[in-house]
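Step one of this worksheet: look at the structure below.
For clarity, every value in this text was computed on a predicted model and none was experimentally measured.
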Amino acid sequence: MKFGGIRGRATTWAVAASALLSGSAWANPHPWQLNLTKGVTQTSHEVWDLNMASFLVCVVIGVIVFGAMIIAMFRFRKSKGAVAEKWSHSTKLELVWTIVPVLILIGLAWPATKVLVNTTDTADAQMTVKVTGYQWKWRYDYVDYDGKTVKKVGFMSRLDKKSDATRQLDSGLDPKAVVDANGTNDYLLNVDHPLVVPAGVKIRFLITGGDVIHSWWVPDLGWKMDAIPGIVNAAWTKISKPGIYRGQCAELCGQDHGFMPIVVKAVPKAQFEKWLAAQESAAQLDKASRTAQADSTPGDDSQG
C-alpha cells in the first residue's frame, strides 16, 4: 500500500511536469509545429526572418561540410588506393575558413542588432502599460492612452480557477477537460483577467518586479523582458490583428513559476476605448462609494 501511494504520487507529479513543460514552453502550440511562431507584430516577423536566415546559413554550411566528408570517405578511402598527402597545413585554406565565418557572423549580427535596438525604441508610443510580476501573478496598470492619463485602471491577473483546481495534487480532475468556449484546451494557459489592449496601436510596456525576478513573455509578440525588482525595463509592441495571445513567465521565480500565465486580448480600437471608459467609470464609482462609506462612519465622541 505504501509503495502504491508513492508510485501514484510520482505518476501524478510526472503528468503535472509533462503538462507544465509542454504548456509553458510553447504557450500556444499547434499540431506538428516545428518552427518558431511568426507572430502578429513587426518585431516578431523580423525575428522570424532572422531565424530563417540563420537556419539557411546553417543548412548551407552543413551541406558543404558533410558533403566533403562523405566524398572523402567514399572516394578517397584506403581500399581504393588513396594515399594521404604529406603537407601539414595550407595558409590559403586557413585564411578562407577564418575570414568566411567572420563575414557570416557579421552579416547575421548586423540585422540582429538593429532588431534588438528597435525593440527598446518606445518613442511615439500611443499607450503605456505598467507590468509588475509577483509570486505568482501579474499586475497590469494602464498609465496613459492617446495622450491622456488613465485614472486608476489596473488589476491582478492570476491563473484561472479551473486550471488552479485541476493542478492540485490528487485533485482527480482531468487537465484535458479544461477548455475554453471554443473547445480549445487552455490548461495552465488561461487567467481570470486578461490584459486588454487595442490592435494597431503602438503600446509601451514598463516592466518591473515586485519581489523576485520574473520575465514577461508572449511568443506572438516576438520578445520577452525581465521583470526585475527596483528596475523598470521598457519594450513596445504593435499588434497587427485582434485575437488572444498567450504566454508565460520565462524566468524561474519560485515553486509556482509554471502557474503564472499571460493572456493578452487584442481588440479593435473602438472596442478598447469603450472598455477603457467603462473601467474608468467603475473605478470612479468605487472611489465615490468608499468615500461616502467613510464619511458615514460615526466618529469617536467619547470624552477623555
Next on the checklist: Let's go through T37 and D220 carefully: what are the C-alpha distance in whole Å and the side-chain angles of both, what is the deciding distance for side-chain hydrogen bond (donor to acceptor under 3.5 Å, both in side chains) to 0.1 Å, and is it a yes or a no?
Outcome noted: CA-CA 7 Å; T37 177; D220 279 310; 3.1 Å; yes

Taking [X] for its side chain and [Y] for its backbone only, find out whether a donor-acceptor pair lies under 3.5 Å.
X	Y	answer
W136	G258	no
S281	A277	yes
R139	T132	no
D180	T184	yes
D144	T128	yes

What about [X] and [Y], same hydrophobic cluster or not, with Ile/Leu/Val/Met/Phe/Trp/Tyr joined at side-chain heavy-atom distances under 4.5 Å?
X	Y	answer
F259	I213	no
W138	I228	no
I207	V232	no
V153	V267	yes
V264	V201	yes

Nearest-0.5 Å distance, [atom1] of residue [X] to [atom2] of residue [Y]:
X	Y	atom1	atom2	answer
Q248	M260	CD	CE	8.0 Å
Q135	D211	CD	CG	4.5 Å
K137	C249	NZ	SG	12.5 Å
L159	L188	CG	CG	6.0 Å
T41	E46	OG1	CD	8.5 Å
R158	M156	CZ	CE	6.0 Å

Grab the two heavy atoms, one from [X] and one from [Y], that are nearest each other, plus how far apart they are.
X	Y	result
I104	I61	CD1-CD1, 4.3 Å
I231	T208	O-OG1, 2.9 Å
H193	S157	O-OG, 2.7 Å
P219	G247	CD-CA, 4.0 Å
Y145	K269	OH-CE, 3.2 Å
E251	D226	OE1-OD1, 4.0 Å

Can you confirm whether [X] sits close enough to [Y] that some side-chain heavy atom of one is under 4.5 Å from a side-chain heavy atom of the other?
X	Y	result
Q42	T119	no
L56	M52	no
Y142	F155	yes
K176	V178	no
V263	N190	yes
I71	F76	yes
Q168	D170	no

Please check if the number of heavy atoms outside [X] that lie under 6.0 Å from its [atom1] is greater than 12.
X	atom1	answer
K162	NZ	no
R77	CZ	yes
D174	CG	yes

Run the numbers on E94 and H89 for side-chain contact (heavy atoms from CB on, under 4.5 Å), then give the verdict.
CA-CA 8 Å; E94 289 181 0; H89 70 277; 3.3 Å; yes

task = Only one of T237, T43, I203, I262 passes side chain to side chain contact (heavy atoms under 4.5 Å, CB included) with L221; say which it is.
result =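 By the side chain to side chain contact (heavy atoms under 4.5 Å, CB included) criterion, L221 pairs with just one of T237, T43, I203, I262: T237.
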
Problem - Distance-only polar pair, side chains of N51 and N35, donor-acceptor under 3.5 Å - result: yes

Can you list the steps and then say if T166 with S163 is a side-chain hydrogen bond (donor to acceptor under 3.5 Å, both in side chains)?
-> CA-CA 5 Å; T166 303; S163 290; over 6 Å; no

- Kindly determine whether L206 and R204 satisfy side-chain contact (heavy atoms from CB on, under 4.5 Å), including the steps that lead there. CA-CA 7 Å; L206 304 176; R204 172 173 51 228; 4.1 Å; yes

Worksheet item: Going through the checks in order, is the side-chain contact (heavy atoms from CB on, under 4.5 Å) test met by K224 and V218?
Response: CA-CA 7 Å; K224 62 181 176 181; V218 179; over 6 Å; no

Checklist entry - Do L276 and V150 pass the side-chain contact (heavy atoms from CB on, under 4.5 Å) test, and can you show the C-alpha distance, the side-chain angles, and the key distance before you say yes or no? => result CA-CA 9 Å; L276 185 62; V150 178; 3.9 Å; yes

Check: Are W216 and F205 an aromatic pair by the rule of ring centers under 6.0 Å?
Finding: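 Here the rings of F205 and W216 have centres that are less than 6.0 Å from each other.
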
Run the side-chain hydrogen bond (donor to acceptor under 3.5 Å, both in side chains) check on E280 and Q284 step by step: do they pass? CA-CA 6 Å; E280 287 186 299; Q284 291 175 0; 5.9 Å; no

